[in-house]
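Take a look at the structure below.
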Amino acid sequence: QVQLVESGGGLVQAGHSLRLSCAASGRTFTTYGMGWFRQAPGKEREFAAAIKWSGGSTYYTDSVKGRFTISRDNAANRVYLQMNSLKPEDTAVYYCAATPYGSRWYDMNLYNYWGQGTQVTVSS
């Protein structure tokens, strides 16, 4: 079993940065791929970024590539999302999730465990 708790959300101005953190508990954390999804008001949840269990390969949706960086610290049981050059369209609830699969990182249906979400609001 894996339990996930996000933190680090808040209100920031466009162009500024924010770092999200996801604390994981569970003995098999290092065997799971980790992803960040986001859901804006009135819109469907969408994939943002993912990182494989080894912390090597990373994946990003086109809209955040070059601005966001996902990383993980398995010793600390944490995964992070560094968000730079934030835009108003980045405003959403951000969810941390874990998947036992090693492909289709963008597919939210493959993620078995989810955090409660943390609100990120970017003002213009």
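All residue numbers in this chain count up from 1 along the given sequence. Just so we're clear, the structure is a prediction, and the values are computed from it rather than from any experiment.
Residues forming a side chain to side chain donor-acceptor pair (under 3.5 Å) with Ser63 (at least two apart in sequence, or on another chain): Arg38. Partners of Arg67 by side-chain contact (heavy atoms from CB on, under 4.5 Å), not counting sequence neighbours, listed by chain and number: Val64, Ser85, Lys87, Asp90. For the ring-ring contact (aromatic ring centres under 6.0 Å, His included) test, residues two or more places apart in sequence or in another chain that qualify with Tyr113 are Tyr32. Remark: Ala14 pairs with Pro88, Val122 by the side-chain contact (heavy atoms from CB on, under 4.5 Å) rule, at least two apart or across chains. Partners of Trp105 according to the ring-ring contact (aromatic ring centres under 6.0 Å, His included) rule, which considers only residues two or more places apart in sequence or in another chain, are Tyr59. In this structure, the ring-ring contact (aromatic ring centres under 6.0 Å, His included) partners of Phe37, at least two apart in sequence or on a different chain, are Phe47, Tyr111, Trp114. Applying the side-chain contact (heavy atoms from CB on, under 4.5 Å) test to Ser7 and every residue at least two apart in sequence or in another chain returns Ser21. Taking the side-chain contact (heavy atoms from CB on, under 4.5 Å) definition, one finds that Lys65 meets it with Tyr60, sequence neighbours left out.
The shortest heavy-atom contact between Leu4 and Ala98 is CD1-N, 3.8 Å. The minimum heavy-atom distance linking Val120 with Gly9 is given by the pair CG2-CA, 4.2 Å. Between Gln39 and Lys43, the shortest heavy-atom contact is NE2-O, 3.2 Å.
Within the 4.5 Å cutoff, the side chain of Gln13 has no heavy atoms near those of the Leu86 side chain. The shortest distance between side-chain heavy atoms of Thr61 and Phe68 does not fall below 4.5 Å.
To the nearest 0.5 Å, the span separating CE on Met83 from OG1 on Thr69 amounts to 11.0 Å. How far OG1 of Thr118 is from CG of Leu81: 11.0 Å, rounded to the nearest 0.5 Å. Taken from CD in Glu89 to OG in Ser124, the straight-line distance is 10.5 Å, to the nearest 0.5 Å. Rounded to the nearest 0.5 angstrom, Gln119 CD and Thr91 OG1 are separated by 7.5 Å.
Judged by distance alone, with hydrogens and angles left aside, the side-chain atoms of Thr99 form a donor-acceptor pair with the main-chain N or O of Leu110 at under 3.5 Å. At distances below 3.5 Å, at least one donor-acceptor pair connects side-chain atoms of Glu6 with backbone N or O atoms of Gly117.
When hydrophobic residues (I, L, V, M, F, W, Y) are linked wherever their side-chain heavy atoms come within less than 4.5 Å, Val5 remains an isolated member.
A disulfide (SG to SG under 2.5 Å) check over residues 73-124, counting only residues at least two apart or in different chains, returns the pairs Cys22-Cys96. Applying the disulfide (SG to SG under 2.5 Å) rule to pairs touching residues 31-91 yields nothing, sequence neighbours excluded. Residue pairs satisfying the disulfide (SG to SG under 2.5 Å) criterion with at least one member in residues 33-82, sequence neighbours excluded, are absent.
Atom CD of Glu44 sits in a sparse spot, with 12 or fewer heavy atoms from other residues, nucleotides or ligands closer than 6.0 Å.
When Tyr95, Trp36, Tyr80 are each tested for a side-chain contact (heavy atoms from CB on, under 4.5 Å) with Leu20, only one passes: Trp36. Just one of Asn77, Val79, Thr58 meets the side-chain contact (heavy atoms from CB on, under 4.5 Å) condition when paired with Arg72; it is Val79.
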